[in-house]
Asker: 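Starting off with a structure, shown below.
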Amino acid sequence: MSDVDNLILEQLRGLRSDVQTFRSETRDQFIEVKHRLGHLEEQYASISRRVDRIDERLDRVERRLDLVNE
């Protein structure tokens with residue numbers, strides 16, 4: 001093999017290593033983002049349930065006080 005071939009192989013090996021590192025880091029970040037998104041979805045669902053309960057309670061209060069037309 002010539003010096004040029006060896007230089008090219010060395011560069012390709014370096015690139016391969018960089019790509020593997022990038023993939024690993026990207027995978028780790030993707031997993032973290034998925035975890036955070038799942039947490040946000042749980043929080044949204046919890047808030048949504050609370051708002052629904054408040055809405056139901058407000059409807060009952062308005063009916064008891066005759067503040068709405070039925």
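Keep in mind that what you see is a predicted model, and the values were worked out from it rather than measured.
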Asker: Is it the case that atom CG in D3 sees more than 12 heavy atoms from other parts of the structure closer than 6.0 Å?
Answerer: no

Asker: Could you list the donor-acceptor pairs under 3.5 angstrom formed by side chains in residues 7-26, with sequence neighbours left out?
Answerer:
unit_1, atom_1, unit_2, atom_2, d
T21, OG1, S17, O, 3.0
T26, OG1, F22, O, 2.7

Asker: Enumerate, atom names and distances included, each donor-acceptor pair closer than 3.5 Å involving a side-chain atom of residues 35-52, sequence neighbours excluded.
Answerer:
unit_1, atom_1, unit_2, atom_2, d
R36, NE, E32, OE2, 3.3
R36, NH2, E32, OE2, 2.9
H39, NE2, Q43, NE2, 3.1

